[in-house]
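For reference, the structure is listed below as structure tokens.
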Amino acid sequence: MATMAPTTHLLAVLARRAAPALATAALLGAAAPAAYAGSPSPSASPKLPDGLYGTKDPQYDGVWRQSLALLAQHTVGVRPAASGVAWLAGQQCADGAFTAFRADPHQGCDTKTMRDTNQTGAAVQALAALGGHDAAVQKAVGWLKSVQNKDGGWSAMPGSPSDANSTSVVIGALAAAGEKPASVTKGGHSPYDALLAFQLGCDAKEGERGAFAYQPKDGKLAPNADATAAAALGALGEGFVVAPAGKDVDEPVKALGCTGGASGGAHDPRQAAPAADAYLVAQLDANGQHLPSAMPGAAQQPDVGNTVDAVVALAAGSHGAAAQRPLKWLEKHSADWARQSGPAAYAQLVLAAHATGADPRSFGGHDLVAALNATGPEPAGSAAPSAGPEKDAEDNDNGGIPWWVIGVGLAFGAGIGFLISGRKKKNQL
């Protein structure tokens, strides 16, 4: 098996969610060449605030990883530390939005603050689950509604074209906040209208039907496994937490019906999700029960995080047996990825285990819950972690993103195009 790159998935996901920050950094070219050609170790991270999960610079993923960590703990019955919850709540701007990281939350957000729908959607899901933050949740939902695009969807960066992943994250946030996503419309279009526009239909190649694209490129849709997994959840109105249906529940996957000269894609979300799941199953079966990914210029290798997302999507669709196969692969191959990538990775695995009815405290010989707890402040109301926080890999920064990758994007002033293009293209088959 090829050597696994544990940060590949988080790099692409965080690049998408950090697009505004990367865009600004790309324009600030003064420091970029040094980041690309400088010493082999990154500059020292700033002193991290109390309550934050993870040991690396939160500039691009602070709210994201904090939200997933708190949500995963809550889901498995761990009461998070008050300082961790307070840190997340304190990151909110007065208008309701969240950005990835505010070093000084006492300083108000201004027009230069890069607000992010994905970070906001993640925070909504966490704070809604934890309870006691109704005002913050409703304010965040109000902001998300205010930046909805006319096609009914969202992008990570408000004002940019909608994408399948961001739209799905916001759908999950709306549902968590007690909203009916279908009724949240803009220009007469709902989030589901936007989402279905990203699905490849009967006009696509046979092996690509049912998949979702991240965004159209030149008016064309290309299959993307990460977008497909996200959209399969969004189409069902699900967020990050999926209630376990039980291992015995096994709805067969149903490919998009394309007989009798049918054209186009699914006409409602409940048809779209099974077709997306069928695409994921085919990809998993073809690749040894993991999804592949490759950084530009690198050999193809397993994408652990993308595989986790697929497992959760299949569990949400009640495809029990189909979810168990890649889950078994994850039990054997996810430990290094999670250890190096940090709290968000542990949280993803905890939520995947929960969704499939597996035990996150005994997952391939690892206690995911203890490992997650060890990356942040000691939980309230539960036993202290048995070991100290597991440090990220020495060459990693920014929540598991290799420092040199960020440097390359900044040095060439095209970080967003490079990173997001990698996410959109990497799963084209």
Side-chain angles (χ1 to χ4, degrees), residues 12-13 15-20 22-23 116-118 121 144 147-171 181 184-235 255-256 258 262-269 271-273 275-280 282-283 291 293-294 296 303 306 309-310 313 414-429:
V13 171
R16 184 177 67 245
R17 287 155 173 68
L22 284 172
D116 187 317
T117 65
N118 287 270
L144 288 169
V147 296
Q148 185 177 16
N149 288 333
K150 291 182 179 180
D151 63 359
W154 285 266
S155 63
M157 182 180 182
S160 297
S162 300
D163 66 76
N165 296 70
S166 299
T167 300
S168 297
V169 171
V170 176
I171 287 174
V184 178
T185 60
K186 189 73 171 286
H189 298 288
S190 78
Y192 296 121
D193 293 329
L195 199 59
L196 292 184
F198 299 119
Q199 188 169 38
L200 281 76
C202 295
D203 299 329
K205 297 177 182 178
E206 184 174 353
E208 299 178 350
R209 295 168 184 168
F212 278 78
Y214 174 70
Q215 283 177 327
K217 182 177 181 180
D218 299 326
K220 297 180 180 179
L221 300 175
N224 181 294
D226 185 54
T228 302
L233 279 180
L256 194 65
C258 293
S263 61
H267 298 293
D268 68 65
Q271 293 175 338
D277 289 336
Y279 172 81
L280 291 173
Q283 298 307 305
L291 292 171
S293 98
D303 188 327
N306 202 344
D309 292 343
I416 298 172
F418 172 75
L419 295 171
I420 292 183
S421 174
R423 166 56 72 199
K424 290 193 289 182
K425 294 181 179 179
K426 70 176 186 174
N427 291 310
Q428 295 176 19
L429 301 174

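Both backbone and side-chain heavy atoms feed into the values below; hydrogens, waters and symmetry mates do not.
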Check your understanding: Can Lys186 and His189 be said to form a side-chain contact (heavy atoms from CB on, under 4.5 Å), step by step?
Key -> CA-CA 5 Å; Lys186 189 73 171 286; His189 298 288; over 6 Å; no

Review point. Given Val147 and Thr117, is the side-chain contact (heavy atoms from CB on, under 4.5 Å) satisfied, shown in steps?
Key: CA-CA 9 Å; Val147 296; Thr117 65; 4.1 Å; yes

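Within the 4.5 Å cutoff, no side-chain heavy atoms of Arg209 are placed close to those of Leu200. Residues Asp193 and Asp151 have side chains not in contact (no heavy-atom distance under 4.5 Å, counting atoms from C-beta outward). Looking only at side-chain heavy atoms (C-beta outward), Gln148 and Val184 come within less than 4.5 Å of each other. Residues Asp226 and Asp309 meet the side-chain proximity criterion, which asks for heavy atoms closer than 4.5 Å.
Considering all non-hydrogen atoms of both residues, Phe198 and Pro216 come closest at CE2-CD, 3.6 Å. Of all heavy-atom pairs spanning Ala229 and Leu280, the tightest one is CA-CD1, 3.9 Å. Between Leu196 and Ala272, the closest heavy-atom pair is CD2-CB, 3.3 Å. Taking each heavy atom of Pro161 and Ser155 in turn, the nearest pair found is O-CB, 3.0 Å. The two residues Ala310 and Leu291 come nearest to each other via the heavy atoms CB-CD1, 3.8 Å. Between Ala156 and Asn118, the shortest heavy-atom contact is CB-ND2, 3.1 Å.
Panel note: side chain Thr228, backbone Phe212; a donor-acceptor pair is recorded below 3.5 Å. A donor-acceptor contact shorter than 3.5 Å links the side chain of Gln199 to the backbone of Gly210. The backbone N or O of Gly152 sits nowhere less than 3.5 Å from a side-chain atom of Asn149 that would complete a donor-acceptor pair.
If you run side-chain contact (heavy atoms from CB on, under 4.5 Å) between Ile171 and each of Ser166, Pro181, Pro269, only Pro181 comes through.
Of the inter-residue distances, the one linking Gln215 atom CD with Thr167 atom OG1 reads 9.0 Å to the nearest 0.5 angstrom. Here Leu195 contributes atom CG and Trp154 contributes atom CH2; the two are 10.5 Å apart, rounded to the nearest 0.5 Å.
Side chains of Ser168 and Asn165: a donor-acceptor N/O pair is absent below 3.5 angstrom, by distance only.
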